[in-house]
Amino acid sequence: MSNESVQPVECNHCKLAVPVGLIEPDAEFQFCCNGCKSVWNILHGAGLDGYYTVRDAVNPDAQRVTSTDGSYEELDDPSFQASCVDNLPGGYAQTELLLEGMHCAACVWLIERLPTVIDGVVESRANIRRRTTIVRYQPDKVKLSDVARALDRLGYAAHPARGAAAREARVKEDRKFLIRVGVAGAIAGNVMLLAIALHGGALEGMAETWKNTFRWYSMGLGVLSLVWPGRVFFIGAIAALRIRVAHLDIPIALALAVGGLWGSYNTIMGTGEIYFDSLSILVFFLLVGRWIQHRQQRNASDHVELMLTLTPTSALKVNDDGSTNRVPIEAVEEGMVVEVEAGGSIPADGIIETGETNLDTSFISGESRPILAKIGDEVVAGATNLRSPIRIRVTAVGDSTRVGKLMHLVASASADKAPIVQFVDRIAARFVLIVIALAAITMVYWTMRSGFVMGIEFATALLIVTCPCALGLATPMAMSIAMGRAAKAGILIKSASAIESMSKPGLMILDKTGTITQSKTSIVQSACNVELLAMAGAVEAHSNHPIARAIANGAQSETPLVATEINQTVGAGISGVVNNQTISIGSPAFINSIMPLDSKVQSSIDSMLNQSLTPVVIYSDTLGMGIVGIGDPIRDDAAHAIDSLQRLHWELSLCSGDHPKIVAEVAKEVGIDNATGSVSPEAKADHVRALRSEHDLWVVMVGDGVNDAAALACADVGIAVHGGAEASLEAADIYLTTQGVGPLVSLVSLSAHTMRTIHMSLVFSVCYNAIAAVLAMTGTINALIAAIIMPISSLTVVAMSTRKWKEPR
Amino acid sequence: MSVLFIMIPAALILAGIGIVAFVLAAKSGQFDDLDTPAFRAVFDDDDTMHTQTKNENTEQDSSSDA
C-alpha cells in the first residue's frame, strides 16, 4: 500500500492520474473526481462492468467525466414533445438526442445499454459519427427528462436534436445518392462482362447472331444506366443551361447523350461501334466521385449542426407565484417573466424587472467590455449574464428580436450571393467549345472523305473519349481529401468552393472581439508584486463582478489563501483581510481615498488608459501598491498567424463594432494597418459587399459573433472561429473547431495545395484527352481503346489527388 | 452455345434481384450509419444476462478468497 501512494494512482473509471489530495489510502477503488466515481457506481450497480472490458480493448484517449447536473425539465414540456418526439404505436415514444462526449466504441456500448440503467427505456441506438442516439421509451413509465438525466450522469450531456423534418429530407437525399451509385456500379459491371465477350469476339471471330445479341443486351443495360443513375447529369446540365452558367455537367451530358443515341442507332442497324461499356463506367466513376465529396461535406455540416444544438435552448420561466420552471425556448412568449442565471444567456429581448448585473454583449455588438444593466434597462437576446441572476419581462421573441432581425439579414445575404463558378466549371465552358469544334471538324472531314455515317461515327467517338471523366472525378476526390485533412487540422469546410477561394491571396477582413482577442476579460498588464496579486485574488474570489473574476483567475498562488472580513463598495472597490493583512482593491479613485497614489502608479494608470485598459489598483500596508490593467487579451497565435498570412500576400483589415480606440490598439499590436471601429452589423455586411464589387479578389470574412453573421454570409468565404455564436456558425462556409486563428494559415496552405493538385490533374487529363482526340480524329480509335483509356486516366488522377500535404507549423 | 439464350437473361435477372435488394435495403436505412456498426463488432459479450452472470462469478471468487 505504501508503495502505491508514492506512485501515481490511476482513476478506476477514466484512467487519468488521481490528484494527490483525493487519494483515499484505504479505499479499494480510486477516483479522480466525483463524476468518475458516480459513473463507476452506476455501472457497477447495473452490472455493466463490461464497459471497462470494451473500453480497454479499444483503448481510446482517456476522458474525465463531465456531468452538467442539469434538470432537463424542458424536455417534458408539451410544446417540445409535440415538435421533437414521435409517438409510436403500443405506447412507445421515440426521440433523437445529441450527446456530448461520445467518442469511442465503449461509449457506444454503454449508451446502447441504457435500458439496463433506467427502467422504461426500451432501446437506445447510438450513431458515433453524428454523436446521437435514438431512444425508444415508454412515456407512461419514464419521463424524457429522466432519460436525459441518466445519460448526463453517465457523462454524456444530452441535447434534443431539432429540425427533424430537414434531417429526414437529407437522409432521403443521402439514400438516393447511394442508390444511384450502387445501381450504376451494378449496371457497369454487367455491361463490362458483355463488353469482354464482344471485344474478345471481335479478336477471335464471333457469329453474327451472338454479336447482335450481346450488343442488344449492352444497349438495354447502357440505356438503363443513362436514364436511371445517369439522369442527374442531364438534369444538372439542363439546369446550368437554363441559368446560363458553365458547369462540368454540360460536357458530360453531351458525351452521354451523343454516345447513347449513336450507340443505340448502331445497335439497331447492326453496324459500327457501340460505346455502352465506356458510358456506364463513366456514369459509375463520376457518381462515386460525387458521392465521396457529398459524404465529406455532410460530415462537416453534421458537426456544425451538433455545435448549434449545444447552445442553450431553454429558459427559466417565472410563474405568478414566484416559482420557476424550465421551458423550451419555443414556449417563451411576450409579457412572460424569465429568470436568467449568472453565466446563462438571455433567451429573448426584454426589460429587467429585478436585479442588476453586467452583460457581455460582444456577440451582438462586438463591444469587448461588459455592460452594466439595471432595473428598467433593455436587454437583447443572446447576451450573456456575467454576474448575478436577473428577471426580465419579455418584450420580443423569435424573429422580432434584434438577433432575429439580424438573422433575416443573414438569410437575405445568403440568398443574393451569386454562386461561385468553380474552377472546373470555368474550364468546362472552354472545354465544351473546343470539343464541339473538334467534333464538327472531324465530322465534316470524314463525311467528305468517306460519307456521313463515318463522319458521325468518328465524331461520336471523339465526344466520348474526350468526356472530362478524369477531371470530373479528380476534383471531387481532391476536394474531399482536402476536407478530410482540414477536419483533422481543426477546420470544418461546409462548401467545397471555399477551398478554391482560399487558395489565392485575397482580402481578409477580421473581426476583433472573439476572433483576434479572446473575448474574455482578464489581466493584460501587470505591475504588481506576485504575492500581493495572489492575496488580491483571494479577496476578489468573493465577488462576481467581471473585473473581480479576471483578477481572481489571474492570481496564482501556491497555497490556497482565505480572505475574511470582505467589504464591498459597489462601483468602486473591495477590501478584505488575508493572512492578517488588509488588502484593498479598486479603481484609482477608491484607493486614492485610502492612500494617496504615488507618481509611478499614476503614470502606469495613464499609460493603461491610453491603451484602453481598465486600471485596477491593489494596496496593502505591508506590500505597498500594485496595479493591473484589465482588458480583452489578444489570442496567443494571432500575431503569428497574421504575420504568416501577410507574408503569403493576403491583404488584411480589421473591422469591429468595438470602440475605435481599442480596435486601433489591437490592430497595432498584431500588425494590421487597416482598422475600423464602431461598425454596426449592417454596416459590416455593406462593407464586405462594397469590397466584393470593388475588387477582383476573393473577399474572406472571419468572425465569431451575431454581429458578423450577415458579413460572413455576404463574403465569398465566411469563416467562423471557435466558440462563435450560433448565427455565425450558420452563416459561415468554414468553421474552426480549435481555439485561435492559427488554423487560418493551415487552411490557406491546404487550399493552395489542393488547387495545385487539381491543376496537375487537369494537365494530365487534358493530355489523355488530346491523345484520344487525335486518335478519334484520325479515325484510328475503336471502342476497345476508348474502354481502356477511360479508366486508366481516371485512376491516374485519383492517385494524384492523394498527394501529400504538410501542415505548416 | 444456345444455352446462353437462357443463361444471360438468368444472370441479368439475378443481377436485377441484387439491385432490388440493394435499393430496398438503402431505402430502409441500412446504410445510413456506416460507422457505428464497426464499433458494435468489438462487443463480444452482447447480452446483459451474460455480463451479470460474469459479475456474480467474480463476486463468488472474491468471497471464496476471503
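Just so it is clear: chains get the letters A, B, ... in the order the sequence lines come, proteins before strands, and each one is counted from 1. The shown structure was predicted, so the numbers you read here are calculated from the model rather than taken from an experiment.
- For A/Arg180, no part sits under 4.5 Å from any heavy atom of chain B, backbone or side chain.
- Taking the centre of each ring, A/Trp109 and A/Tyr52 stay at or above the 6.0 Å mark.
- Minimum interatomic distance between A/Arg215 and A/Thr267 (heavy atoms only, all atoms of both residues): O-CG2, 3.6 Å.
- Minimum heavy-atom separation, A/Ala126 to B/Thr36: O-CG2, 3.3 Å.
- Here the side chain of A/Asp277 pairs no donor or acceptor atom with the backbone of A/Val191 at under 3.5 angstrom.
- More than 12 heavy-atom neighbours from other residues, nucleotides or ligands sit within 6.0 angstrom of CG on A/Asp86.
- Residues forming a salt bridge (Lys or Arg N to Asp or Glu O under 4.0 Å) with A/Arg136 (at least two apart in sequence, or on another chain): A/Glu123.
- How far CD1 of A/Ile179 is from CH2 of A/Trp228: 7.5 Å, rounded to the nearest 0.5 Å.
- When the heavy atoms of residues 21-29 of chain B are compared with those of chain A, the residues falling under 4.5 Å are B/Phe22, B/Val23, B/Ala26, B/Lys27, B/Ser28, B/Gly29, listed by number.
- Looking at A/Asn127, both its backbone and its side chain come within 4.5 Å of chain B, counting heavy atoms on both sides.
- For A/Leu193, no part lies under 4.5 angstrom from a heavy atom of chain B.
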